[in-house]
Amino acid sequence: MASHKERIGVYPGTFDPITRGHLDIIRRGAKLVDRLIIGVTTNMSKNPMFTPEERIAMVKREVAIEGIANVEVTGFNALLMKFAEKQGANMIVRGLRAVADFEYEYQMAGMNQQINNRIETVFLMADVSLQPIASKLVKEIALFGGDITHFVSPLVRDEVVARVEAQGRLGDY
């Protein structure tokens, strides 16, 4: 009888902030693996609103609220495939919202396969009701005083609003 090799997936992202779309991918991705490791990465080109430590804490809290037992959250600042290898992963989980996402993710998956072809990339389509949600747009809406209630959990909404209040809103309101 063959022994069961643990299926470990990595879901990488900046999660700045974590959205309902991210949580949908986490819930569904966790069903595909024995362990899903959410890798919260630093991507300074995305002009983060929250520090890496704040984002890690936010993701941990939101996953705990969802009650997903087989999920771990950790930060990383390395090449994704090196991080995935270190975690013992055999799968990268990525969410897709639109065709534009696919083009970028397809290219990344091809590059990642060249780096390590033992780790598969699995794409999950976002729930139709969540497809337009992007962290960048959530931040932009909040910065201009818009309501982000439909895009993030109540606790994340409060954190984003507090950060915007501290930094100052943009535009005429």
Side-chain angles (χ1 to χ4, degrees), residues 9-33 36-52 54-68 70-71 73 75-76 80 84 91-112 120-173:
V10 168
Y11 178 33
T14 52
F15 305 100
D16 184 52
I18 186 168
T19 68
R20 293 185 190 278
H22 291 131
L23 289 169
D24 175 56
I25 299 299
I26 292 167
R27 269 191 304 273
R28 292 168 46 221
K31 293 177 187 175
L32 301 176
V33 294
L36 180 64
I37 299 163
I38 302 173
V40 179
T41 187
T42 53
N43 186 342
M44 298 317 287
S45 69
K46 289 192 173 186
N47 194 20
M49 179 177 275
F50 297 97
T51 67
E54 289 171 326
R55 289 182 279 124
I56 290 166
M58 190 184 295
V59 174
K60 283 182 178 180
R61 182 195 65 224
E62 295 298 311
V63 168
I65 289 169
E66 291 290 322
I68 310 168
N70 65 330
V71 172
V73 181
F76 78 102
L80 171 59
M91 179 188 307
I92 304 293
V93 175
R94 299 297 294 160
L96 295 176
R97 294 177 305 232
V99 172
D101 282 350
F102 178 77
E103 292 172 6
Y104 172 77
E105 294 291 347
Y106 183 78
Q107 184 178 22
M108 289 301 301
M111 295 295 286
N112 288 338
E120 290 292 335
T121 299
V122 175
F123 297 110
L124 296 176
M125 295 299 298
D127 182 276
V128 174
S129 67
L130 303 172
Q131 284 179 359
I133 302 173
S135 293
K136 179 181 176 183
L137 297 176
V138 169
K139 289 187 289 189
E140 188 173 318
I141 291 165
L143 284 167
F144 282 96
D147 182 11
I148 59 170
T149 303
H150 298 295
F151 313 124
V152 296
S153 75
L155 291 172
V156 171
R157 180 203 163 280
D158 293 347
E159 287 174 302
V160 172
V161 168
R163 186 58 49 96
V164 168
E165 296 289 326
Q167 293 177 344
R169 287 189 189 169
L170 302 176
D172 301 324
Y173 48 91

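The residues of the chain are indexed from 1 along the displayed sequence. Please read these numbers as outputs of a predicted model, since none were measured by experiment.
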Looking at every non-hydrogen atom in both residues, tell me the closest pair between [X] and [Y] and how far apart they are.
{"X": "Phe50", "Y": "Pro17", "answer": "CE1-CB, 4.2 Å"}
{"X": "Val93", "Y": "Gly29", "answer": "CG1-CA, 4.5 Å"}
{"X": "Phe123", "Y": "Ala109", "answer": "CZ-CB, 3.9 Å"}
{"X": "Lys139", "Y": "Asn47", "answer": "NZ-O, 3.6 Å"}
{"X": "Ala142", "Y": "Val160", "answer": "CB-CG1, 3.5 Å"}
{"X": "Ile68", "Y": "Ala30", "answer": "CG2-CB, 3.7 Å"}

Say you draw a straight line from [atom1] of [X] to [atom2] of [Y]; how long is it, rounded to the nearest 0.5 Å?
{"X": "Asp127", "Y": "Leu23", "atom1": "CG", "atom2": "CG", "value": "12.5 Å"}
{"X": "Phe15", "Y": "Glu62", "atom1": "CZ", "atom2": "CD", "value": "12.0 Å"}
{"X": "Arg94", "Y": "Leu80", "atom1": "CZ", "atom2": "CG", "value": "7.5 Å"}
{"X": "Tyr104", "Y": "Leu96", "atom1": "OH", "atom2": "CG", "value": "12.0 Å"}
{"X": "Ile26", "Y": "Glu66", "atom1": "CD1", "atom2": "CD", "value": "8.5 Å"}
{"X": "Ile38", "Y": "Arg55", "atom1": "CD1", "atom2": "CZ", "value": "13.0 Å"}

Less than 4.5 Å apart, side chain to side chain, heavy atoms only: is that true for [X] and [Y]?
{"X": "Pro52", "Y": "Thr42", "result": "yes"}
{"X": "Ser129", "Y": "Arg20", "result": "no"}
{"X": "Pro48", "Y": "Thr14", "result": "no"}

Applying salt bridge (Lys or Arg N to Asp or Glu O under 4.0 Å) to Glu54 and not counting sequence neighbours gives Arg163
Q) Can Val156 and Arg61 be said to form a side-chain contact (heavy atoms from CB on, under 4.5 Å), step by step? A) CA-CA 10 Å; Val156 171; Arg61 182 195 65 224; 3.5 Å; yes
Contacts of Glu103 meeting side-chain hydrogen bond (donor to acceptor under 3.5 Å, both in side chains) (sequence neighbours excluded), chain-then-number -> none
* Would you indicate whether Gln167, at its atom CD, is surrounded by more than 12 heavy atoms from other residues, nucleotides or ligands within a distance under 6.0 Å? => yes
Test log, rule side-chain contact (heavy atoms from CB on, under 4.5 Å), inputs Leu36 and Met91 = CA-CA 9 Å; Leu36 180 64; Met91 179 188 307; over 6 Å; no
Notebook entry, point to check: Checking side-chain contact (heavy atoms from CB on, under 4.5 Å) for the pair Thr121/Glu105: CA distance, chi angles, key distance, verdict?
Noted result: CA-CA 9 Å; Thr121 299; Glu105 294 291 347; 5.8 Å; no
Sorted by chain and number, sequence neighbours left out, side chain to side chain contact (heavy atoms under 4.5 Å, CB included) with Arg28 holds for Asp24, Ile25, Leu124
Could you check whether any side-chain N or O of Asn70 sits under 3.5 Å from a backbone N or O of Val33, counting only pairs where one atom can act as donor and the other as acceptor?
yes
Which of Val138, Thr19, Leu130 passes side chain to side chain contact (heavy atoms under 4.5 Å, CB included) with Phe151? Answer is Val138
